[in-house]
Amino acid sequence: MKRTEIKYLLELIDFGKDINVKGWVRTKRISKNVAFIALNDGSTIKNVQIVVELNKETEKILEHIYTGAALSVDGVLTESLGKGQKVEIQAKNIVVLGEANPEEYPLQPKKHSLEFLREKAHLRYRTSTFSAIARVRHAMIFALHKYFNDHNFYNIHTPIITGSDAEGAGEMFQVTTLDLENVPKTEDGKVDYRKDFFGKPANLTVSGQLEGELAALALSKIYTFGPTFRAENSNTTRHLAEFWMIEPEMAFYDLNDNMDLAEDMLKYVIRYALDNCMDDLLFLSKRQQEEEKNKKAEQRSMELIEKLQFVLAEPFVRLTYTEAIRVLMNSKPNKKKRFQYVIEAWGADLQSEHERYLVEKHFKRPVILTDYPADIKAFYMKQNDDGKTVKAMDVLFPQIGEIIGGSQREENYDKLYKRIKELNIPESSMWWYLETRKFGSVPHSGFGLGFERLILFMTGMTNIRDVIPFPRTPLNLEF
RNA sequence: GCCUCCAUAGCUCAGUUGGUUAGAGCAUCUGACUGUUAAUCAGAGGGUCCUAGGUUCAAGUCCUGGUGGGGGCGCCA
């Protein structure tokens, strides 16, 4: 018999029909005459209830069925006699596909801590929380591709291994086939990279932006969606050494067009989740409220669905760095020196406490900050006429902080060249990038969206290690 | 990289000022129960108190190192 996935099975109404269902046992309950098995196959957060009449034969099979076991069940679709579900399966034949010894299987029908599950990352998708996150994550991947496809963007695969060591976004992981026990040296004692695989040093990419710009200056609108690697020793709940980034890049877009796109894209994918993932979002909402029930009222998060709808309802606040500094300098925590870093003058880099104040306390909605001082931003950002600021934009979300960083790019060859020289970036690694400003250069813009940070926001999770299947962080490479 | 907190049964945790045989709920096992919803009820088994030293008549409890983990900050997405 062909298997029916639980997601579809629960919608069926043709009672009396023979059906096959396969999945993993969540709980087993045995009474005097009948046993109930809650079976989940991951197609939905919901379980299907398998009803087993007790007799000598079924009692023998039930001895092998515990939480975590994999079953194939043939039975009859029936209207449920019990409360809590509309349909259930009256089992005719149960095959145990894979047992799960209860003395060894670590997951129990109870709440586990996220820390414990992180150490059982190979099994954690069998929990409701992690399967819900996985489904929401998938929906967000799909929605992002759909959004860009529907808006005439082309997806570009930018390289994962790069010869450029100056992408300007952070520390890089080196890629080499040299024998580290016996590194070939040049006459003056340095590593002889001519003997390495590429004949020169190679790294894992920290951003596909520079290559994305090349494509945008031919295809008009492109986006990348790929893995990104940062070798920074960051130990926080919002950083990974390997994460996924979406980087659209658009010719003929100025900073305002860029902001419009970022806001529209974020609202589209949030709406997509509300339209397509409600079961999972409701579960995640309950989970979050359960988690926070011991917190004081003012420290609790807004309910998840309400929070997502709230972001859709209002336009994001847009203000310049200069205006933000004014707001912060006039703010209570700054005047009373409650900030760890008190803002004293224009030019200060904003810390996460300042970003959170603007988003969570002052404006109480997402904020796009623009026109930052050139000194605290990357070399490729378009310089403003004031000679001090650049056309940068950061989208700040409550709890997450910076979810998007982007800018209008400097399209003027001389200005870009001067900036590269000022920052001592080797011209030899940038010649191809500079050539785009030499031939048919046009104003263009783009941004990077940290995908896992978006998933944090969508799921109400608080640690980025819980929204990616296999988190890579300093000193952590078990799975 | 900096600061801070934690480690007790398979899991979540309690364990008073250092003091006899280290406890609870869930899980497991046995039994009861008219169809249960993380079922319920009764009972049983289950411990290298992370690890190595130290202080003390006495250490789960105090001190030092190590290991593992959480949180905050910086860097950023």
Side-chain angles (χ1 to χ4, degrees), chain A residues 25-38 40 46-54 63 66-68 78-85 88 90 100-120 127-128 167-171 206-209 226-247 262 290 339-341 349-353 355-356 376-378 394-397 400-406 447-457 462-466 468 473-476 478:
Chain A
V25 174
R26 284 293 170 80
T27 60
K28 175 182 80 168
R29 295 179 291 275
I30 299 184
S31 290
K32 197 173 186 182
N33 303 319
V34 68
F36 302 97
I37 296 166
N40 185 282
K46 293 175 183 163
N47 303 324
V48 68
Q49 174 156 282
I50 310 294
V51 184
V52 188
E53 297 295 335
L54 294 188
E63 280 173 20
Y66 291 97
T67 298
T78 46
E79 198 164 7
S80 182
L81 296 173
K83 291 169 187 170
Q85 63 276 317
E88 62 191 19
Q90 290 283 346
N101 182 344
E103 301 288 352
E104 293 173 43
Y105 185 61
L107 303 183
Q108 299 160 16
K110 60 164 284 187
K111 208 181 174 82
H112 293 286
S113 70
L114 295 171
E115 292 82 5
F116 173 73
L117 292 171
R118 236 170 264 155
E119 291 174 3
K120 303 273 180 278
T127 65
S128 298
E167 288 169 344
E171 294 291 312
V206 293
S207 164
Q209 180 199 316
T228 313
F229 308 88
R230 304 271 168 95
E232 264 130 29
N233 189 14
S234 295
N235 295 288
T236 78
T237 54
R238 348 178 262 295
H239 289 86
L240 291 163
E242 178 182 291
F243 65 100
W244 291 72
M245 194 153 61
I246 296 92
E247 295 180 286
E290 187 71 16
F339 284 138
Q340 199 184 334
Y341 298 89
D349 206 347
L350 300 184
Q351 311 295 328
S352 35
E353 59 180 342
E355 296 176 350
R356 293 190 67 155
I376 59 175
K377 287 291 177 184
D394 284 357
V395 180
L396 310 178
F397 262 34
I400 314 298
E402 186 179 344
I403 197 167
I404 280 178
F447 60 81
L449 167 70
F451 184 60
E452 283 75 19
R453 290 192 181 173
L454 175 66
I455 305 303
L456 279 180
F457 184 75
T462 53
N463 192 318
I464 203 161
R465 295 165 196 204
D466 296 330
I468 187 167
T473 53
L475 303 176
N476 181 2
E478 183 66 25

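In what follows, every chain begins at residue 1, and chains take the letters A, B, ... in the order their sequences are listed. What you see is a predicted model; the values in this text were computed from it and never measured.
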Exercise for the section: Calculate the interatomic distance between A/Phe116 atom CZ and B/C13 atom C1'; express it in whole Å. Expected result: 14 Å
Practice task
Under 4.0 Å between any heavy atoms, over every strand shown, what does A/Glu247 touch: base, sugar-phosphate, or nothing? Just pick one.
Solution key: nothing
Exercise for the section: Round to a whole Å and report the spacing from CZ of A/Arg465 to C1' of B/G69. Expected result: 10 Å
Practice task
Using salt bridge (Lys or Arg N to Asp or Glu O under 4.0 Å) as the criterion, list what pairs up with A/Glu103, not counting sequence neighbours.
Solution key: none
Exercise for the section: Give one of base, sugar-phosphate or nothing for A/Leu240, where a contact means two heavy atoms less than 4.0 Å apart. Expected result: base
Exercise for the section: Not counting sequence neighbours, which residues clear ring pair (Phe, Tyr, Trp, His ring centres under 6.0 Å) with A/Phe447? List them please. Expected result: none
Practice task
Classify the nucleic acid contact of A/Thr236 as base, sugar-phosphate or nothing, counting any heavy atom under 4.0 Å across all strands shown.
Solution key: base
Exercise for the section: Taking side chain to side chain contact (heavy atoms under 4.5 Å, CB included) as the test, write out the residues that go with A/Ala35, two or more places apart. Expected result: A/Ile30, A/Val52, A/Leu54, A/Leu62
Practice task
Would you tell me if any nitrogen or oxygen in the side chain of A/Tyr66 comes within less than 4.0 Å of OP1 or OP2 on B/C29?
Solution key: yes
Exercise for the section: Determine whether any donor atom in the side chain of A/Glu115 lies under 3.5 Å from an acceptor atom in the base of B/G71, or the reverse, and answer yes or no. Expected result: no
Exercise for the section: Looking at every strand, decide which applies to A/Glu402 at a 4.0 Å heavy-atom threshold: base, sugar-phosphate, or nothing. Expected result: sugar-phosphate
Handout entry: Spacing between A/Ile50 atom CD1 and B/U37 atom C1', to the nearest angstrom
Key = 14 Å
Exercise for the section: Scan A/Tyr341 against the nucleic acid and name what it touches under 4.0 Å (heavy atoms): base, sugar-phosphate only, or nothing. Expected result: sugar-phosphate
Handout entry: Atom pair distance, as rounded to whole Å: CD in A/Gln49 and C1' in B/A39
Key = 11 Å
Practice task
Would you indicate, yes or no, if B/G72 has its OP1 or OP2 atom less than 4.0 angstrom from a side-chain nitrogen or oxygen of A/Thr237?
Solution key: yes
Practice task
State whether A/Asn233 places a side-chain N or O below 4.0 Å from either non-bridging phosphate oxygen (OP1 or OP2) of B/G1.
Solution key: yes
Practice task
Round to the nearest Å and state the distance from A/Phe229 atom CZ to B/A77 atom P.
Solution key: 16 Å
Fill in the blank from the handout: Out of B/C73, B/A27, B/C33, minimum distance to the side chain of A/Gln108 belongs to B/A27
Protein-nucleotides 23-25 of chain B N/O pairs closer than 3.5 Å?
| from | atom 1 | to | atom 2 | distance (Å) |
| --- | --- | --- | --- | --- |
| B/G25 | N2 | A/Lys110 | NZ | 3.2 |

Handout entry: Gap in Å between the two C1' atoms, one belonging to B/U36 and one to B/C6, rounded
Key = 39 Å
Exercise for the section: Applying salt bridge (Lys or Arg N to Asp or Glu O under 4.0 Å), name anything that partners A/Lys28, two or more places apart in sequence or on another chain. Expected result: none
Exercise for the section: Mind calculating the distance between CG (A/Leu449) and P (B/A77) to the nearest angstrom? Expected result: 11 Å
Practice task
Ignoring hydrogens and angles, state whether a donor on the side chain of A/Glu247 or A/Ser207 is under 3.5 Å from an acceptor on the partner side chain.
Solution key: yes
Problem - Whole angstrom value for the distance that separates P of B/U12 from NE2 of A/His112 - result: 8 Å
Problem - Nearest-angstrom distance from the residue atom NZ of A/Lys28 to C1' of B/U36 - result: 14 Å
Handout entry: Test salt bridge (Lys or Arg N to Asp or Glu O under 4.0 Å) applied to A/Asp394 - qualifying residues, sequence neighbours left out
Key = A/Lys377
Problem - Most 5' of A/Glu103 and A/Glu53 on RNA chain B, judged by nearest nucleotide - result: A/Glu103
Practice task
Identify, with sequence neighbours excluded, every residue that meets salt bridge (Lys or Arg N to Asp or Glu O under 4.0 Å) alongside A/Arg29.
Solution key: none
Problem - Non-hydrogen atoms of A/Glu452 and A/Phe243 that approach each other most closely - result: OE1-CB, 3.4 Å
Exercise for the section: Record whether the side chain of A/Gln85 comes under 3.5 Å of the base of B/U36 through a donor-acceptor pair of N or O atoms. Expected result: yes
Show me the protein contacts with nucleotides 2-9 of chain B, counting only N or O atoms at under 3.5 Å.
none

Exercise for the section: Could you tell me whether the phosphate oxygens of B/C73, OP1 or OP2, come under 4.0 Å of any side-chain nitrogen or oxygen in A/Arg238? Expected result: yes
Fill in the blank from the handout: RNA chain B in dot-bracket form (Watson-Crick or G-U pairs under 3.5 Å, [ ] crossing, | inter-strand) is (((((((..((((.....[...)))).(((((.......))))).....(((((..]....))))))))))))....
Exercise for the section: Assign A/Ile403 to base, sugar-phosphate, or nothing according to its heavy-atom contacts below 4.0 angstrom with the strands shown. Expected result: sugar-phosphate
Practice task
Using a cut-off of strictly less than 4.0 Å, decide whether A/Arg29 has a side-chain nitrogen or oxygen near OP1 or OP2 of B/U36.
Solution key: no
Problem - Side-chain donor/acceptor of A/Thr236 to backbone N/O of A/His239, under 3.5 Å - result: yes
Exercise for the section: Would you check if A/Phe243 stacks with the base of B/A77, given a 5.5 Å centroid limit and a 30° plane limit, both strict? Expected result: yes
Problem - Donor-acceptor pair (no angle test) under 3.5 Å: A/Ser31 side chain, B/C33 base - result: no
Practice task
May I ask you to say what A/Ser80 touches in the nucleic acid, namely base, sugar-phosphate or nothing, with a heavy-atom cut-off under 4.0 Å?
Solution key: base
Exercise for the section: May I ask you to evaluate whether A/Gln340 reaches the phosphate of B/C73, defined as a side-chain N or O under 4.0 Å from OP1 or OP2? Expected result: no
Exercise for the section: Using a 4.0 Å heavy-atom cut-off across all strands, classify A/Phe451 as base, sugar-phosphate, or nothing. Expected result: nothing
Practice task
Name the nucleic acid region contacted by A/Arg118, choosing base, sugar-phosphate or nothing; use a 4.0 angstrom heavy-atom cut-off, strictly under.
Solution key: sugar-phosphate
Handout entry: Counterpart residues, side chain to side chain contact (heavy atoms under 4.5 Å, CB included), relative to A/Ser352 (two or more places apart)
Key = A/Arg238
Exercise for the section: Report yes or no: is there a donor-acceptor pair, N or O only, under 3.5 Å between the side chain of A/Glu119 and the base of B/G70? Expected result: no
Exercise for the section: Looking at every strand, decide which applies to A/Gly448 at a 4.0 Å heavy-atom threshold: base, sugar-phosphate, or nothing. Expected result: sugar-phosphate
Practice task
Indicate, with a heavy-atom threshold strictly under 4.0 Å, whether A/Gln90 touches base, sugar-phosphate, or nothing.
Solution key: base
Can you give the donor-acceptor pairs under 3.5 Å from side chains of residues 107-118 of chain A to other protein atoms, not counting sequence neighbours?
| from | atom 1 | to | atom 2 | distance (Å) |
| --- | --- | --- | --- | --- |
| A/His112 | NE2 | A/Gln108 | N | 2.9 |
| A/His112 | NE2 | A/Gln108 | O | 3.4 |
| A/Ser113 | OG | A/Phe116 | N | 3.0 |
| A/Arg118 | NE | A/Asp466 | OD1 | 2.8 |
| A/Arg118 | NH2 | A/Asp466 | OD2 | 2.8 |

Practice task
Output all residues satisfying side chain to side chain contact (heavy atoms under 4.5 Å, CB included) with A/Thr237, sequence neighbours left out; order by chain, then residue number.
Solution key: A/Asn463
Exercise for the section: Check whether any side-chain nitrogen or oxygen of A/Thr27 sits under 4.0 Å from OP1 or OP2 of B/A38, and answer yes or no. Expected result: no
Practice task
Examine B/A27: is either OP1 or OP2 under 4.0 Å from a nitrogen or oxygen in the side chain of A/Thr67? Give yes or no.
Solution key: no
